[in-house]
Amino acid sequence: MDAWASDQGVATTSIIKLMGDPYGELTEKLDMELTHSGPKSVGLINRSKRFALYIENGSVKIVKVAEAEDDPAGDDRPDVTLAESMIDAISALRKDEL
């Protein structure tokens, strides 16, 4: 994870924390395991769906999952999980809270 953070320019002092889930325990508890037969048929077992969470003080405020019937892994259209989309969603949440 340190190598990935370094490659992405995430400083060790950043508020962003990159974390792995090598055994898929968190993925399973979040119900984000990719169970579509397509990835499994090519040997991708226990793969996570492409998702982004916004968590504030231990409470999940926003969940975005990039998946579609023709793109179960969200690889072709990950837009909803990208930073710009999450920033927009967080901004909208803030406006609603005011």
Side-chain angles (χ1 to χ4, degrees):
M1 297 310 298
D2 291 341
W4 184 31
S6 177
D7 178 70
Q8 297 300 305
V10 178
T12 56
T13 57
S14 173
I15 63 169
I16 297 171
K17 302 295 179 208
L18 304 180
M19 298 183 281
D21 185 21
Y23 301 106
E25 295 167 346
L26 180 62
T27 299
E28 184 179 339
K29 294 213 183 297
L30 291 171
D31 195 27
M32 290 294 171
E33 185 177 354
L34 181 59
T35 57
H36 190 276
S37 61
K40 288 191 175 203
S41 70
V42 294
L44 296 174
I45 299 168
N46 296 333
R47 179 173 171 189
S48 170
K49 295 178 182 181
R50 184 176 304 274
F51 69 97
L53 300 175
Y54 174 65
I55 303 170
E56 188 176 283
N57 297 323
S59 177
V60 177
K61 301 286 187 173
I62 298 171
V63 178
K64 297 286 187 175
V65 182
E67 65 181 338
E69 194 164 320
D70 64 334
D71 182 25
D75 292 336
D76 295 330
R77 294 181 300 281
D79 306 25
V80 298
T81 61
L82 300 181
E84 186 175 321
S85 176
M86 289 300 290
I87 290 168
D88 289 346
I90 294 166
S91 296
L93 178 69
R94 294 279 179 249
K95 286 179 185 173
D96 289 346
E97 290 177 343
L98 295 177

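Here, residue 1 is the first one in the sequence, and each next residue gets the next number. Every heavy atom of this structure was used, including side-chain atoms; hydrogens, water molecules and symmetry mates were not.
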Ile55-Val63 co-clustered via ILVMFWY side chain contacts under 4.5 Å = yes
ask   = Counting heavy atoms not belonging to Asp96, are there more than 12 under 6.0 Å from its CG?
value = yes
ask   = Are Phe51 and Leu26 grouped together when hydrophobic residues (ILVMFWY) are joined by side-chain heavy atoms under 4.5 angstrom apart?
value = yes
Expected output: side-chain Asp21 to main-chain Glu25 donor-acceptor under 3.5 Å = yes
Extract all donor-acceptor atom pairs below 3.5 Å that involve side chains of residues 9-20 and protein atoms in other chains or at least two apart in sequence.
unit_1: Ser14; atom_1: OG; unit_2: Ile16; atom_2: N; d: 2.9
unit_1: Lys17; atom_1: NZ; unit_2: Ser14; atom_2: O; d: 3.0

ask   = Can you find a pair of side-chain heavy atoms, one from Leu53 and one from Leu30, that are under 4.5 Å apart?
value = yes
ask   = Residues in salt bridge (charged side-chain N to carboxylate O under 4.0 Å, His left out) with Lys49, at least two apart?
value = Glu67
message = For Glu56, give me all partners under side chain to side chain donor-acceptor pair (under 3.5 Å), at least two apart in sequence or on another chain.
response = Tyr54, Arg94
remark   = Taking every heavy atom of Pro78 against every heavy atom of Ala66, the minimum-distance pair comes out as CA-CB, 3.8 Å
inquiry  = Please find the pair of heavy atoms, one from Lys64 and one from Thr81, that lie closest to each other, and give the distance.
reply    = O-CG2, 3.6 Å
message = Restricting to non-hydrogen atoms, name the atom on Pro72 and the atom on Leu34 that form the minimum distance, rounded to 0.1 Å.
response = O-CD1, 3.3 Å
Distance (rounded to the nearest 0.5 Å) between Met86 CE and Ser91 OG = 11.0 Å
message = Could you report the tightest heavy-atom contact between Asp75 and Arg50, atom names first, then the distance?
response = OD1-NH2, 2.6 Å
key: N-O pairing of Arg77 and Asp70 below 4.0 Å   = yes
